[in-house]
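Structure record follows, encoded as structure tokens.
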Amino acid sequence: MAVLDVTCSLNGLTWEMQPTDARLAAALAQRFDLPEVVARILASRGIDLESADSFLYPTLKHNLPNPLSLKDMEKAARRMADAIEAKEPIGLMGDYDVDGATSTALLKMFLEEIGVPVYTFIPEREEGYGPNALKMKEFYDKGCRLVATLDCGMTAFDPIDAGVKLGLDIIVLDHHDAEQSLPNAYAVVNPKRLDEPVTHPCHYMAAVGVVFLFTVALNTILRERGFYAKRPEPNLMRFLDLVAFGTVCDVVRLQGVNRLFVKAGLNQMRKGENKGIAALAELVGLSEPPSAYHLGYVFGPRVNACGRVGQSDIGMQLLSCQDNIQASVLAHTLEELNLQRRDIEAAVLLEAIEQAESRPESDPFVFVKGELWHQGVVGIVAGRLKDRYNLPVFALSIEGDEVKGSSRSVQGVDLGALVMNAIGKGILSRGGGHPMAAGFSLKKERLNDFYMYLKENITPDMTQNRSSTLEIDGILDIGGATADLVRQINLLAPFGEANPEPRFVIKDVMVSRCTLLKNGHIGCTLSGRGGLYLQAIAFRASDTELGHQLLTSCNSYFHVAGILKLDSWRGQTKIQFQIQDAAKSL
């Protein structure tokens with residue numbers, strides 16, 4: 001039965017309660033001394049008595065996978081250890097997103113701390129994703145005989161071949177979907193290799209997690225060889241803030257080792273030791289310990305901005321910066337680029353929405369394209385449209401005969417597999433990604449072929465069930481929305497992909513004092529019939545039916561669905577409800 005009989009909300013959704021095993025929830029509450037609401041949510045997410053302890057209280061000592069369990073890991077680590085002992089310069093090639101920036105910054109900082117000369121390269125978006133032959137030659141000319149590709153390289157067959165012909169040993173440290181054949185590299189470390197089991201604990205790891213495990217393996221080998229006999233050994237735990245940052249921003253599943261990384265990394269981040277992250281926190285006026293939300297929605301867009309509309313390596317420079325003044329300058333540069341990115345994004349998004357609204361109703365996906373759309377914002381636009389339509393989205397920028405695109409997905413449609421298959425069929429020139437996000441390029445003449453390929457491979461049954469329901473974790477009266485409840489719920493943090501923040505319905509509240517805020521947000525007050533009230537906000541809702549009803553139906557009663565947050569500002573902590581959907585209260 002639908003929650004509160006809501007079968008068609010303002011967003012056109014049916015509200016459904018998450019199924020919960022009441023007996024398991026009671027057992028979890030008793031064994032782990034948990035509040036009832038937390039135990040019920042745990043049970044609804046498939047956490048049982050055996051897995052609850054590692055979910056709630058993961059530790060590096062007991063839950064970190066053995067790095068050498070990944071194929072080619074030992075081979076790669078020993079080759080880099082040889083280069084370090086020989087005092088050879090090492091080249092690092094990273095991607096231009098947060099995962100690539102954190103991966104490159106982490107390994108760069110480790111190598112520089114132990115006295116190794118390092119050269120880095122983050123491509124500009126116009127140069128295309130991943131390694132290129134020209135940079136391989138530049139690394140060689142600088143004396144590098146070892147190059148590592150970070151968060152890229154799995155499909156860079158030609159650039160890696162070019163580097164090998166020059167005499168380079170190339171190590172690929174990646175997490176993107178693999179093809180049947182591997183690049184001709186010295187070593188390929190990737191939990192998504194087809195010869196790695198899908199049950200491997202690292203399977204859903206971000207690239208920065210792979211790089212951290214590589215650094216652990218490398219450090220262990222150096223220690224065994226006596227490298228630290230006359231020098232201090234680096235503290236690898238201080239890099240966990242970067243691991244958490246990249247893991248959250250790459251929207252990988254926050255389960256298992258990823259959850260461990262983010263939980264431990266947030267604890268490390270609260271120490272403020274990374275000067276770049278500290279500069280970002282100061283820039284935005286953060287007055288509370290960083291959370292996964294801040295990484296994904298406050299810090300992440302700023303670090304991503306340089307790879308979208310500016311100099312791609314600024315984010316990596318910031319995250320590996322050792323000087324407070326320089327970090328502040330770089331952070332402010334990113335802020336300026338992010339403001340530019342927002343303006344560009346808004347213009348492209350408006351055109352994309354117009355196209356999406358006129359698409360064939362039979363398409364179970366959104367396919368939009370534009371001449372000279374800025375390549376740096378099509379990924380964000382795809383994400384915005386995915387949130388708006390709850391469908392897989394493909395956004396493409398056309399420049400002459402070349403087309404570059406980005407896609408975002410919903411559960412049930414694996415974009416990484418779709419893109420790799422399209423490359424195999426010759427429809428796409430190159431690309432890569434994972435189930436929820438992918439990038440690709442193709443010739444303009446193949447645009448219709450790609451569209452027809454999507455029509456054949458994304459069927460309505462993949463998305464129709466998902467697009468019609470909103471999952472609810474509990475129902476509250478307004479008096480139940482307390483700070484204590486939020487603190488209890490935060491026992492389940494960090495939240496993210498595959499572990500979303502619990503969603504509650506607050507029933508029968510009057511919406512009043514509605515105000516249109518900047519960026520399309522709507523602020524309002526929720527009032528209960530007993531006189532209690534709660535501040536609320538609906539993000540980017542102004543052009544939706546939800547936003548229209550909130551703004552025009554003040555003093556009407558609604559059931560509202562969303563997330564409870566603690567809002568800290570100027571030393572005061574208040575409860576805020578983030579409205580995601582609503583239905584008229586009869």
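No hydrogens, no waters, no symmetry mates; every other heavy atom, side chains included, goes into these values. Only a predicted model underlies this, so the values are computations on that prediction, with no experimental measurement involved.
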Between Asp473 and Arg45 (salt bridge meaning N to carboxylate O under 4.0 Å), is one present in this structure?
yes
Do Arg408's NZ or CZ and the ring of Phe394 fall within the cation-pi criteria of under 6.0 Å and 45°?
no
Using a cut-off of 6.0 Å, state whether more than 12 heavy atoms not belonging to Tyr57 lie near its atom OH.
yes
Got more than 12 heavy atoms from elsewhere within 6.0 Å of CG, Asn519?
yes
For the CD atom on Glu50, are there more than 12 heavy atoms of other groups (residues, nucleotides or ligands in this structure) within a distance under 6.0 Å?
no
Is a donor on one side and an acceptor on the other found under 3.5 Å between the side chain of His434 and the backbone of Gly416?
no
Is Phe212 close to Leu240 at the side-chain level, that is, under 4.5 Å between some pair of heavy atoms?
yes
Spatial distance of atom CG (Leu396) from atom OG (Ser441) [nearest 0.5 Å]
10.5 Å
Less than 4.0 Å between a side-chain N and a carboxylate O, is that true for Glu36 and Arg40?
yes
Begin from the C-alpha positions of Arg446 and Asp449 and carry the test salt bridge (charged side-chain N to carboxylate O under 4.0 Å, His left out) through to its verdict.
CA-CA 5 Å; Arg446 301 307 300 268; Asp449 294 335; 2.5 Å; yes
Ion pair Arg388/Asp543, N-O distance below 4.0 Å:
yes
So do Leu492 and Val38 actually touch side chain to side chain, heavy atoms under 4.5 Å?
yes
How about CZ on Arg513, more than 12 heavy atoms from neighbouring residues, nucleotides or ligands closer than 6.0 Å, or not?
no
Heavy atoms from other residues, nucleotides or ligands near OH of Tyr533 exceed 12 (cutoff 6.0 Å):
no
With a 4.0 Å cut-off on N to O distance, would you call Lys565 and Glu501 a salt bridge?
yes
Is it true that atom CD of Glu371 has more than 12 heavy atoms of other residues, nucleotides or ligands lying nearer than 6.0 Å?
yes
Report yes if the distance between the aromatic ring centroids of Phe440 and Phe450 is under 6.0 Å, otherwise no.
yes
Take a 6.0 Å sphere around NZ of Lys192 and say whether it holds more than 12 heavy atoms from other residues, nucleotides or ligands.
yes
